[in-house]
Each structure stands twice: as C-alpha cells, then as structure tokens.
Asks: 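Attaching a single structure in structure tokens format; questions to follow.
The sequence lines fix the lettering, A, B, ..., with proteins before strands; numbering per chain opens at 1. Model, not experiment: these values are computed from the prediction.
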Protein chains: 2
Amino acid sequence: MRIGTLAERLRTTPHAIRFYERRGLLPVPQRADNRYRSYTEQDAERLRLLVGLRQLDLPLEQAAALAGMCTAGHCEQVSEELREAISQKREELRRRIDELQFLDRRLAHLAGQLGSGETPQAVITLGKEERDV
Amino acid sequence: MRIGTLAERLRTTPHAIRFYERRGLLPVPQRADNRYRSYTEQDAERLRLLVGLRQLDLPLEQAAALAGMCTAGHCEQVSEELREAISQKREELRRRIDELQFLDRRLAHLAGQLGSGETPQAVITLGKEERDV
DNA sequence: CTTGACATTGGAGCCGCTCTAGGGTTTAGC
DNA sequence: GCTAAACCCTAGAGCGGCTCCAATGTCAAG
Ligand SMILES: [Zn+2]
Ligand SMILES: [Zn+2]
Ligand SMILES: [Zn+2]
Ligand SMILES: [Zn+2]
C-alpha cells in the first residue's frame, strides 16, 4: 500500500507519516522499484495505534512508543502505562479547562466594563503592578 | 529603567521584552552609554498594555497593535476593536472547552474499558477505519 | 579585587505538524 | 501514444510565543 492510501485510511496525511518516519517513530517501510514507500498491513496497524493514541492527545513520542510495544505484543504493559497516561492527561485537562473557564469569565467581565464606557487602560488592569510590589 | 526592572514590574522576562522588540512590536528604546536598554514610563505603560492584552490570550500581533494605538490616544477605537476581539475569543474558548470536555469523557470511557480487561488495540478504535470508507 | 548579578547579541529549541519548492511517476481518458 | 491530473520523492522553512543557551561585557557590594 502506498503512503497516500494509508494516510487516507487512517485519516491523516502523507506529510505526517513521513514526519513520524523521519523522527524515527515508525519502522522504515520497504520501497518499491520507483522508490515509493510500500506499507504492509502490520505497518498500517502500528500506525493506526499511533494515530489513535495521538487523538487522545498523548505526547507524540509516548504514543509512538506505546504503539511499538503493543505491536510487539506487550499489550499488558501498554494497558498499564496507558491507564497511567490517561489519568495524568485527565488531570491536565481539568486544569486546562479551569484556566479557560476562568479566562472566559474574565473576558465577560471586561466586555461589560468596556460596554459601560471604561477605557482600555483602566480595564486591562493587571493590578497596576507597582501597587503590590 | 533597565530591562530587568521593567520585566519584574510587569511580571514578564527580559527575554520576552527583547523578543517583542526584535519582532518590531515595541518602539526601540533608548540606550545608556553602556548600551543597556533604558525605558521610560511611557515605554512601560505601553508594554503594560501589551502584556495585559496577552494575558487575555489575544494574538501577540494584535495585542501589540492595540497597545500601540491606545498609547497613541486612539482609545475609542481600541475599545471597539477590543470588544470585537473579546467576543471572538470567547467563541473560540467555548469551542475549545467543548473539545477538551469531550476528550475528557472519552478518556474516562477508555479508562473504564481498559480496567475491565479490554486490549489497547480494541479500545483505541478510531472506528477501524476501513468500515466507514 | 573578586564575586556575582545583571546586561548584550545571535541563534537554537520546543511542539506537532503543515506547507513549499522543485523535481520524478503513475494513471485515466482520448 | 499522448497529455493532464494526481500521486510520490527529498530537503527544508514556517507557525506561535516564547525559552534558553553561549559567549561576552558591565557594574555594585563586600
Ligand atoms: Zn497490543
Ligand atoms: Zn468588576
Ligand atoms: Zn488608550
Ligand atoms: Zn462504550
């Protein structure tokens, strides 16, 4: 299978696949006579795992490592590490969501102040730094 | 005032300030005899606005542009543009928060499946691509 | 005088792609 | 057989917004 076909099947792009390869995150595939990359079903399966793990927003290196292990049959260990990674990611998500919601409330408040005639300087307070130093 | 002092007052770093300057987002400050950057209160005020706007997570270029305009006295217009930018940013935030919450639910579901003995491959479904093509 | 904190410059590194330039190859229709 | 579209190749730049590094210069306190 050629790179475009593989990319389409996994809803990614040839660029991304080549990028993973350059980074050493995927086994170097065979080449046809015309130098086109030629992927097996096993290659595809491994990449499918990698892409799937990336969609969980795991760091690329970790996603690639887990995909490699799993393909090599260490599914138990992958399962373990994955549970751990998921729990960490969920904590990170909770923090991030809180941040974004906080920012949203701040923006709502600001919009209100601007609407009632406050100047930008007055509104972008930042605490007028010097006061609390 | 030197760059370190200014950075501390605005809770940013000398690196960041020089970075803004290199990007042409801040007026080039005067230099002392020793070639150290020397900032006036007006410089500080302008940077304060920039930093404040960045904390609202406006794009750097836009934050810098608004800070410049405001410093130049076009506060009305800034106020207008800022309201618009805030409303757009809030939409973006809503979308982003939805995404993150969706991912969080997915992760929770996955953790459950892994806990009840499913293999990673089975769980990182991705729809087993071929089916819906 | 020495030590340490501060300043200077230019440039690399982070993340994970995405896109471009400048080629070569395959494929479908006519 | 020919042409045009769509694919493939490589190497490298670019994105945002800093952060950090190296190598060097400057200055205040003890
Ligand atoms: Zn496995
Ligand atoms: Zn208020
Ligand atoms: Zn103003
Ligand atoms: Zn289910």
Asks: With heavy-atom distances below 4.5 Å as the criterion, would you say the side chains of A:L60 and A:L50 are in contact?
Replies: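 A side-chain contact exists here, since the closest heavy-atom pair is under 4.5 Å.
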Asks: Without decimals, in angstroms, what is the distance between B:R35 CZ and C:dC6 C1'?
Replies: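 The answer, rounded to whole Å, is 15 Å.
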Asks: Once you round it to whole Å, what is the distance between P of C:dG16 and CG of A:L53?
Replies: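 Checked: the CG to P distance equals 13 Å.
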Asks: Send over the distance from B:F19 CZ to C:dG11 P, rounded to a whole Å.
Replies: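 Distance, rounded to whole Å: 15 Å.
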Asks: For a quick test of reading the model: is some side-chain N or O of A:N34 closer than 4.0 Å to OP1 or OP2 of C:dG24?
Replies: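 Negative; the distance criterion is not met.
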Asks: I need the residues from residues 58-68 of chain B with at least one non-hydrogen atom less than 4.0 Å from DNA chain D; give them sorted by number, or say none.
Replies: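 Heavy-atom contacts with DNA chain D come from B:P59, B:L60.
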Asks: Of A:D33 and A:A16, whose nearest nucleotide on DNA chain C comes first from the 5' end?
Replies: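 Nearest nucleotide further toward 5': that of A:A16.
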Asks: Taking only side-chain nitrogens and oxygens of B:Y20, does any of them come within less than 4.0 Å of OP1 or OP2 of D:dC18?
Replies: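 Answer yes for this pair, as a side-chain N or O of B:Y20 is under 4.0 Å from OP1 or OP2.
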Asks: In whole Å, what is the span from the NE2 atom of A:H15 to the C1' atom of D:dA6?
Replies: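 One finds 14 Å between C1' of D:dA6 and NE2 of A:H15, rounded.
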Asks: Under the side-chain contact (heavy atoms from CB on, under 4.5 Å) test against A:Q113, which residue among A:T119, A:I124, A:V123 passes?
Replies: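 Exactly one pass, corresponding to A:V123.
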Asks: Mind pulling the stems DNA chain D is in, i.e. runs of at least three Watson-Crick or G-U pairs, everything under 3.5 Å?
Replies: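 Ordered by first number, the stems with DNA chain D (at least 3 consecutive pairs each) read C:1-30 with D:1-30.
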Asks: Would one find a side-chain N or O of B:R18 under 4.0 angstrom from OP1 or OP2 of C:dT9?
Replies: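 No, outside the criterion.
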Asks: Is the number of heavy atoms from other residues, nucleotides or ligands under 6.0 Å of B:E118 CD greater than 12?
Replies: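 Atom CD in B:E118 is crowded, with more than 12 foreign heavy atoms closer than 6.0 Å.
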Asks: Please check if the number of heavy atoms outside A:Q62 that lie under 6.0 Å from its CD is greater than 12.
Replies: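 Yes, enclosed.
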Asks: Of B:D57 and B:R2, whose nearest nucleotide on DNA chain D comes first from the 5' end?
Replies: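 Looking at DNA chain D, the more 5' nearest nucleotide goes with B:D57.
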Asks: Would you say that more than 12 heavy atoms from the other residues, nucleotides or ligands in this model lie under 6.0 Å from the CD of A:E76, or not?
Replies: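 12 or below, so no.
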Asks: Could you state the atom-to-atom distance from CD of B:E21 to C1' of C:dG10 in whole Å?
Replies: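 Checked: the CD to C1' distance equals 14 Å.
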Asks: Figure out the CD/P separation between B:E8 and C:dA5, and round it to whole Å.
Replies: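 Answer to the nearest Å: 14 Å.
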Asks: Nearest 0.5 Å, please: how far is CD in A:E99 from CD1 in B:I97?
Replies: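 Output value for this atom pair is 10.5 Å.
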Asks: Side chains of A:E92 and A:Q88: is there a donor and an acceptor less than 3.5 Å apart?
Replies: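 Checked: A:E92/A:Q88 side chains show no N/O donor-acceptor pair below 3.5 Å.
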Asks: Quick one: is B:R54 getting a side-chain N or O under 4.0 Å of the D:dC18 phosphate, OP1 or OP2?
Replies: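 For B:R54, the contact criterion (side-chain N or O under 4.0 Å from OP1 or OP2 of D:dC18) is met.
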Asks: Any idea which heavy atoms bring A:L53 and A:A63 closest together, and the distance?
Replies: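 In this case the closest contact between A:L53 and A:A63 is CD1-O, 3.5 Å.
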Asks: Quick one: A:R23 CZ to C:dC15 C1', roughly how many Å, whole number?
Replies: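 Taking CZ of A:R23 and C1' of C:dC15, I get 8 Å after rounding.
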Asks: What heavy-atom pair brings B:R83 and A:L114 nearest, and what distance separates the two atoms?
Replies: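 Smallest heavy-atom distance, with atoms named: NH1-O, 3.2 Å.
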Asks: On DNA chain C, does the nearest nucleotide to B:I3 precede the nearest nucleotide to B:R22 from the 5' side, or the other way round? Give the residue.
Replies: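 It is B:I3 whose nearest nucleotide is closer to the 5' end.
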Asks: Check the phosphate of C:dT8 against B:R37, side-chain N and O only, distance under 4.0 Å to OP1 or OP2. Yes or no?
Replies: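 For B:R37, the contact criterion (side-chain N or O under 4.0 Å from OP1 or OP2 of C:dT8) is met.
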Asks: Taking only the side-chain heavy atoms of B:R31 (C-beta and beyond), determine which of D:dT19, D:dT10, C:dT8 contains the nearest atom.
Replies: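 The answer is C:dT8, which lies nearest to the side chain.
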Asks: May I have the distance from A:L10 (atom CG) to C:dC17 (atom P), rounded to whole angstrom?
Replies: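 Going from A:L10 (CG) to C:dC17 (P), I get 13 Å.
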Asks: How close do B:L10 and B:A44 get, heavy atom to heavy atom, and via which atoms?
Replies: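 In this case the closest contact between B:L10 and B:A44 is CD1-O, 3.9 Å.
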